[in-house]
Amino acid sequence: MPFPLMKLGYLAIKQISKPLASAIKQKAKTTPFLRNRILLPPAQLYHRFETEIKMRLLGLGNIAQVKPLSEEMAVDLAADMLGEAVIFGVASLCLLLEYKRQQRKDANKEDVQNQRLLGLEKQVSELTLEIEEQSTRLREIYRVLGAEKLLDKSPTSDELPQTIIDSHSRTVLHVKK
C-alpha cells in the first residue's frame, strides 16, 4: 500500500511543480543574462560529457572535440534541466518537511513515554515509602505488645504458634490460634 501512495504523491508534486518550472524556463529563455551566463554553459558541458560517454560505451574511443549544440538547442536543453531541477528541489523540500514532521511526532511520543515512566517511578517510590511506614508501625505495635507480655504466654498443647518472619525488616510475628 505505501508504494502506490508514494508514487501518487510523487506525481502530485510533479504536477504542482510543473507550472513553476515552466514559468522559470520561459523567464530564463527570454532574459539575456540568464540565457548566456546561466543556461548555455551547463547545457554545452552536459552535451559534451553525454557525447563522450556515449562514444566510449559504443567503443568508438575518445573524441578530440565535440561539436557544440546550436544556441537554440542548448537553451532548450538547459531550460529542461532547470525545470527538472526545480521539480527535484520541490520534491526534496517535501521529503525534508515530512522527515522533520516525523521527527517531531517521534519526539512527542518519546516525551509522553518518559512522562509515563516518571509517573510510574514516582508511584513506586510512594508505595515503597508507604510500605516502610507500615513496617515501622508494625514494629511499634510488636514492641508495645511485647512490653505488655501479651506474646509471652506459653501455648497449650492444642494451640501451636505460627511464626511469620518479615525478611525485609527481620521482624518475627507469633500468631496464636
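By convention here, the first residue in the shown sequence is residue 1. Since this is a predicted model, take the numbers as computed values, not measurements.
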In Å and rounded to the nearest 0.5 Å, what is the [atom1] to [atom2] distance from [X] to [Y]?
X      : Y      : atom1 : atom2 : result
Glu126 : Gln123 : CD    : CD    : 7.0 Å
Leu40  : Leu45  : CG    : CG    : 12.5 Å
Thr136 : Ile131 : OG1   : CD1   : 11.5 Å
Leu77  : Leu82  : CG    : CG    : 11.0 Å
Glu121 : Asn114 : CD    : CG    : 9.5 Å
Gln115 : Glu110 : CD    : CD    : 11.5 Å

>> Restricting to non-hydrogen atoms, name the atom on Ala74 and the atom on Ala43 that form the minimum distance, rounded to 0.1 Å.
In response: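 Nearest pair, atom of Ala74 first, then Ala43: O-CB, 3.2 Å.
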> Which heavy-atom pair separates Leu39 from Ala79 by the least distance, and what is that distance?
Replying inline: CD2-N, 4.3 Å
> Where do Glu84 and Met81 land on the side chain to side chain contact (heavy atoms under 4.5 Å, CB included) test, with the steps shown first?
Replying inline: CA-CA 5 Å; Glu84 290 299 319; Met81 288 171 40; 5.9 Å; no
> Step by step, would you call Arg139 with Ser135 a side-chain hydrogen bond (donor to acceptor under 3.5 Å, both in side chains)?
Replying inline: CA-CA 6 Å; Arg139 273 187 254 130; Ser135 178; 2.9 Å; yes
> How far apart are the C-alpha atoms of Arg35 and Glu71, what are their side-chain angles, what is the distance that settles it, and do they pass the side chain to side chain contact (heavy atoms under 4.5 Å, CB included) test?
Replying inline: CA-CA 9 Å; Arg35 181 183 179 108; Glu71 188 174 328; 3.0 Å; yes
> Do Glu140 and Arg143 meet the salt-bridge criterion of a basic N to acidic O distance under 4.0 Å?
Replying inline: yes
>> With side chain to side chain contact (heavy atoms under 4.5 Å, CB included) as the test, pick out the partner of Gln103 among Lys105, Arg101, Lys100.
In response: Lys100
> Do any N or O atoms from the side chain of His47 and from the backbone of Lys67 form a donor-acceptor pair under 3.5 angstrom?
Replying inline: yes
>> Donor-acceptor check, side chain of Gln44 to backbone of Leu69, threshold 3.5 angstrom: yes or no?
In response: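 The answer is yes, because a donor-acceptor pair under 3.5 Å joins these two groups.
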